[in-house]
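Notes follow once the structure below has been shown.
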Amino acid sequence: MRPLLLTLSLFVIGLSACRPTPEATTAPSAAAPVPAEQSARPAATDADDNLNAVLWVQRSVEYRATALSLFRAAADHLDAALAEKNWDALVPDERDNPQAWASLPPAVIMDIDETVLDNSPYQARLVHDGGEYDEATWAAWVAEKKAEPVPGVVDFARVATEKGVTILYLSNRAQHLNEATLANLRAVGLPVKDDSVFLGLGTHVEGCEQHGSEKLCRRRLAGRDYRVLMQFGDQLGDFVQVIANTDEARNGLLDEYGDWFGERWWMLPNPTYGGWEPALFNNAWDQPREQRRAAKREALQLAQ
């Protein structure tokens, strides 16, 4: 999830969910990767900040258990969401039809990268080769259609579909990657009603101007046709617009909407990339890797 943002907030969000122009929110990864660097690549044997994070996603039982727990809990909330006529997972400012949405057919919005599909093999390649995200390697990975489902998501999607709930895939994967993306989703057993359920980066939304890779306009589009019961993502920008990618602004949004998590909003763990990382070095991806690392070390909270 991670293309460059025109505005600090939108940019970071886009580097979200996702990374390829993926999910878009902020840092690079299959859902929203990080802008490619101009500096020379480090040797594959150099220390890599992402080594433990990628290994945790790929090899730890704890990651699998966390994802399974989240999707099972979400499935348990579906009946209550369907029964409550005033249940809406879109914030009021992002819904264009505040008077009519309750009568619309139900849907859930799901980010793709690191929420529905696991792109850790792509991240592992970057760690192994000493590289960083770029659009060319990301697009090549998407074209392989080898991403596996995040643990628990297929079962959740099956339960939701059986209850008449449409799954919408709101991703920062670019529109030109839709064919490979939908094929990958179908191959792992995820429901794809038709091509309209893929709301990728570049989707035109009448009356709403897209900025960078933020997802505001596409959430509004989803809300015009559906009653959104839940949203799933791995970045804060998958749920609500992040105006400024700073610690203060991000924590302010959590304070405002914290009660929505675990009922209407469901956050997947993603330690490999995201908007939290560039917020620590003023979103300056053009800095050399070592300079960014120094800023992150400065941000460590040490025991007193």
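Residues V150 and A67 approach most closely at CG1-CB, 3.9 Å, considering heavy atoms. Nearest heavy-atom pair across T272 and N270 is OG1-OD1, 2.6 Å. Here the shortest heavy-atom pairing between R95 and R227 reads NH2-CA, 4.3 Å. Here the closest heavy-atom approach between residue G223 and residue L90 is recorded as CA-CD1, 3.7 Å. The two residues K85 and A102 have their closest heavy-atom pair at O-CB, 3.6 Å. Closest heavy-atom contact between E214 and L216: OE1-N, 2.6 Å.
When the side chains of ILVMFWY residues are joined at heavy-atom separations under 4.5 Å, either directly or via intervening members, M110 and L68 end up in two distinct hydrophobic clusters.
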Which donor-acceptor pairs under 3.5 Å do side chains of residues 294-304 form with protein atoms, sequence neighbours excluded?
unit_1	atom_1	unit_2	atom_2	d
K296	NZ	D49	OD2	2.8
K296	NZ	E277	OE2	2.8
Q304	NE2	L302	O	3.1

Report, one line per pair, each donor and acceptor closer than 3.5 Å where one atom sits in a side chain of residues 186-207; sequence neighbours left out.
unit_1	atom_1	unit_2	atom_2	d
K193	NZ	Y226	OH	2.9
D194	OD1	S196	N	2.8
D194	OD1	S196	OG	2.3
T203	OG1	Q175	OE1	3.0
T203	OG1	G200	N	3.2
T203	OG1	G200	O	2.6
H204	NE2	E206	OE1	3.3

Side-chain polar contacts of residues 253-266 - donor-acceptor pairs under 3.5 angstrom, sequence neighbours left out - could you list them?
unit_1	atom_1	unit_2	atom_2	d
R264	NH1	D88	O	2.8
W265	NE1	A89	O	2.9
W266	NE1	E263	O	3.2

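The 12-atom threshold is exceeded at CZ of R293, counting heavy atoms of other residues, nucleotides or ligands nearer than 6.0 Å.
Note that CE of M230 is 7.0 Å distant from NE2 of H77, once rounded to the nearest 0.5 Å. Atoms CZ and CD, on R220 and Q241 in that order, are 8.0 Å from each other to the nearest 0.5 Å. Expressed to the nearest 0.5 Å, how far CG of L221 lies from CD1 of I109 amounts to 9.5 Å. Rounded to the nearest 0.5 angstrom, D238 CG and T115 OG1 are separated by 5.5 Å. Note that CG of D79 and NZ of K163 are 3.5 Å apart. Values are rounded to the nearest 0.5 Å. Rounding to the nearest 0.5 Å places CZ of R219 at 12.0 Å from CG of D96.
With contacts defined as side-chain heavy-atom distances shorter than 4.5 Å, the pair L268/F71 qualifies. Side-chain contact check for W141 versus K146: some heavy-atom pair is nearer than 4.5 Å. Counting heavy atoms from C-beta outward, Q123 and Q58 have side chains that stay 4.5 Å or more apart. Contact of the L82 side chain with the V165 side chain is registered, since non-hydrogen atoms from C-beta on lie closer than 4.5 Å. For the pair N245/P278, a side-chain contact is recorded, criterion being any heavy-atom separation below 4.5 Å from C-beta on. You'll find the side chain of D225 stays beyond 4.5 Å of the side chain of L104, heavy atoms only. Between E114 and V57 there is no side-chain heavy-atom pair separated by less than 4.5 Å.
Here salt bridge (charged side-chain N to carboxylate O under 4.0 Å, His left out) pairs that include residues 174-183, with residues two or more places apart or in two chains, number zero.
Between the side chain of N119 and the main chain of D113, no donor-acceptor pair closer than 3.5 Å is present. Of the possible polar contacts, none joining the Q210 side chain to the C217 backbone as a donor-acceptor pair under 3.5 Å is found. Between the R218 side chain and the S171 main chain, a donor and an acceptor come within less than 3.5 Å of each other. No side-chain donor-acceptor contact under 3.5 Å links N50 to the backbone of A53.
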request  = Could you go through the side-chain contact (heavy atoms from CB on, under 4.5 Å) check for R289 and D48 one step at a time?
outcome  = CA-CA 10 Å; R289 179 182 274 189; D48 192 301; 4.0 Å; yes

request  = Walk me through it: do L70 and F232 pass the test side-chain contact (heavy atoms from CB on, under 4.5 Å)?
outcome  = CA-CA 10 Å; L70 182 145; F232 293 79; 4.2 Å; yes

request  = Decide side-chain contact (heavy atoms from CB on, under 4.5 Å) for Q291 and F281; before the verdict, give the C-alpha distance in whole Å, the side-chain angles of both, and the deciding distance to 0.1 Å.
outcome  = CA-CA 9 Å; Q291 192 171 339; F281 49 79; over 6 Å; no

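Applying the side-chain hydrogen bond (donor to acceptor under 3.5 Å, both in side chains) rule to T181 yields the partners R173; only residues at least two apart in sequence or on another chain are considered. Remark: D118 pairs with S120 by the side-chain hydrogen bond (donor to acceptor under 3.5 Å, both in side chains) rule, at least two apart or across chains.
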